[in-house]
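What follows is a short report on a single structure.
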Amino acid sequence: MTEGRAAFGLRILTPLSIRDFALLWTGMTVSLLGDGIYFVAIAWQVYELSNAPTALSVVGVAWTLPMVLFLLLSGVISDRFDRRRVMILADVLRGVPILVIGLLAISGTLELWHLLVLVAFYGAGEALFWPSFTAIVPDIVPQDLLVEANSLDIFVRTATSRLAGPAIGGLAIGAFGTGGAFLLDAASFGISALALLAMTSRPVERTSGLSMREDIAEGINFVRSQVWLWGTLVAASVTLLCFFGPWEVLVPYIVKNDLGGSAADLGFIFGAGGLGAVLSSIVLAQRRLPRKQITFMYVSWTVSGFAIVGYGVATEVWHAMLAAFIGAGLANAGMVIWMTLLQTRVPARLLGRVASLDWFISTGLIPVSFALTGPIAAAAGARETLVGAGI
């Protein structure tokens with residue numbers, strides 16, 4: 001046991017010895033720091049323009065609806081074209097609108113309709129980026145290192161977008177205003193694009209003459225043939241319908257209006273979730289995959305979803321931090337298992353399309369979640385909506 005623990009640090013860092021993975025990891029780390037800044041800045045900015053949950057719900061729909069609609073096409077693009085170039089394009093598509101938001105905020109001319117238009121481009125860029133990212137990892141990393149690579153990937157995602165990024169975002173808003181925070185986010189996409197440019201080009205080898213429609217159909221047919229795939233995606237879709245809108249819209253509202261917190265407090269709450277997720281990544285990297293992988297994944301995600309009740313009953317900032325720590329830690333544990341299952345059980349030539357279907361089905365109801373959260377909270381109350389969502 002002592003020897004295993006001593007070797008742990010080497011195991012999780014082993015994929016970084018692969019040059020292209022190290023570049024991919026570096027670019028992702030910086031851009032995900034920007035994503036963490038974005039989560040705090042967009043919520044605080046909307047509530048500065050209109051202090052009502054409905055406003056952030058509408059912005060959430062504008063952000064996520066283009067992402068969902070574009071996902072199936074992005075999966076085909078990922079399996080047809082150089083994934084590195086697709087991700088560079090996605091960084092540009094995400095970075096430019098965030099830059100414009102920052103400049104408008106600094107000039108004092110930002111209005112709610114500006115956000116609705118610009119976050120739509122940001123959402124489309126996300127749809128383009130993540131299927132290609134999921135599919136390119138097994139192109140770079142050998143199969144016997146995928147658990148370590150995915151643990152490191154999730155470790156970095158959570159340490160940046162849910163721990164350091166939100167904390168930096170809250171502090172940046174206090175120091176420079178929301179405009180300055182958005183500019184930091186925009187710069188992160190530029191650094192990510194430069195890291196991707198330095199990677200080796202890996203053109204995708206086409207083995208069939210299928211049309212785009214036939215490509216999409218092939219991916220759908222594969223998912224339909226695998227119960228572990230479609231069953232999990234449907235379950236995730238329902239879970240995110242109940243969870244995502246209330247978490248994104250109502251937690252910032254309660255922190256600002258009920259708990260009397262600041263943007264920094266909101267960043268620390270999101271950061272506590274990141275800390276829980278980081279610790280779960282470390283544990284999984286040390287212990288490798290559990291024997292009953294899908295059971296473990298489902299239990300982790302079930303308890304994680306219920307943890308949103310903690311936000312609804314919180315009376316102090318630290319209560320919300322505890323709920324975030326538990327919820328994000330367990331959600332992350334399930335995600336490490338899920339990504340490894342995808343990359344080991346799905347044929348490489350289908351992985352981009354299956355990854356896009358993963359995003360499409362599991363996140364397909366997120367715009368509905370945003371759309372329902374504002375009206376339900378207005379009728380039932382913000383805290384009551386969070387408790388109901390968890391149950």
Side-chain angles (χ1 to χ4, degrees), residues 1 4-5 8 11-12 130 134-135 137-138 141 143-158 162 219-244 247 273-310 322-348 350-351 354-366 369 389-391:
M1 178 64 72
R5 288 183 178 176
F8 157 71
R11 285 207 304 269
I12 196 171
W130 288 113
T134 301
V137 171
V141 178
Q143 185 166 331
D144 62 347
L145 287 177
L146 281 178
V147 172
E148 288 85 350
N150 287 328
S151 293
L152 184 59
D153 170 19
I154 298 295
F155 177 96
V156 171
R157 289 195 199 198
T158 50
R162 303 192 69 170
I220 292 173
N221 289 335
F222 178 81
V223 171
R224 289 176 59 189
S225 72
Q226 305 292 316
V227 177
W228 69 273
L229 258 176
W230 68 256
T232 302
L233 295 182
V234 172
S237 179
V238 175
T239 300
L240 290 173
L241 169 67
C242 297
F243 175 86
F244 202 90
W247 172 71
L275 179 60
V278 163
L279 292 178
S280 68
S281 293
I282 292 174
V283 170
L284 279 175
Q286 179 175 2
R287 296 182 177 274
R288 303 229 172 203
L289 292 179
R291 268 192 320 114
K292 296 185 177 180
Q293 298 166 14
I294 293 178
T295 301
F296 177 88
M297 181 176 70
Y298 266 69
V299 171
S300 297
W301 284 346
T302 300
V303 180
S304 168
F306 184 72
I308 196 173
V309 170
L322 180 61
F325 179 86
I326 295 171
L330 290 171
N332 180 77
M335 186 58 66
V336 171
I337 304 298
W338 176 246
M339 289 182 64
T340 304
L341 288 173
L342 283 180
Q343 292 168 351
T344 55
R345 295 190 179 188
V346 177
L350 291 171
L351 189 52
V354 172
S356 70
L357 283 165
D358 171 13
W359 279 77
F360 178 77
I361 298 173
S362 62
T363 65
L365 294 179
I366 285 181
S369 183
I391 293 172

Next item on the list: Give, for atom CG of Asn221 and atom CG of Leu350, the distance between the pair rounded to the nearest 0.5 Å.
Entry: 10.0 Å
Margin query: Using 0.5 Å steps for rounding, measure from the CH2 atom of Trp301 to the CG atom of Leu330.
Written below: 12.0 Å
Item checked: Any residue meeting side-chain hydrogen bond (donor to acceptor under 3.5 Å, both in side chains) with Trp338, in chain and number order, not counting sequence neighbours -> Asp358
pair [X]-[Y]: side-chain heavy atoms closer than 4.5 Å:
{"X": "Met297", "Y": "Thr232", "value": "yes"}
{"X": "Leu365", "Y": "Phe244", "value": "no"}
{"X": "Val223", "Y": "Phe360", "value": "no"}

Checklist line | Non-hydrogen atoms of Gly273 and Ala328 that approach each other most closely | finding: O-CB, 3.1 Å
Checklist line | Over all atoms of both residues, closest heavy-atom pair of Ala307 and Ala323 | finding: O-CB, 3.8 Å
Notebook entry, point to check: After noting the C-alpha distance and the side-chain angles of Leu342 and Leu229, does the key distance pass the side-chain contact (heavy atoms from CB on, under 4.5 Å) rule?
Noted result: CA-CA 9 Å; Leu342 283 180; Leu229 258 176; 3.6 Å; yes
Taking only residues two or more places apart in sequence, or in another chain, which ones meet [X] in a side chain to side chain contact (heavy atoms under 4.5 Å, CB included)?
{"X": "Phe325", "answer": "Leu275, Leu279"}
{"X": "Thr344", "answer": "Gln143, Leu146, Thr340"}
{"X": "Phe296", "answer": "Leu284, Pro290, Ser300, Ala333, Ile337"}
{"X": "Arg345", "answer": "Trp228, Gln293, Ile294, Leu341"}

Next item on the list: Tell me, yes or no, whether the heavy-atom count around Tyr298 atom OH, taken from other residues, nucleotides or ligands under 6.0 Å, exceeds 12.
Entry: yes
Under 3.5 Å, which donor-acceptor pairs link side chains of residues 233-243 to any protein atom two or more places apart or in another chain?
from	atom 1	to	atom 2	distance (Å)
Ser237	OG	Ile361	O	3.2
Thr239	OG1	Ala235	O	2.9

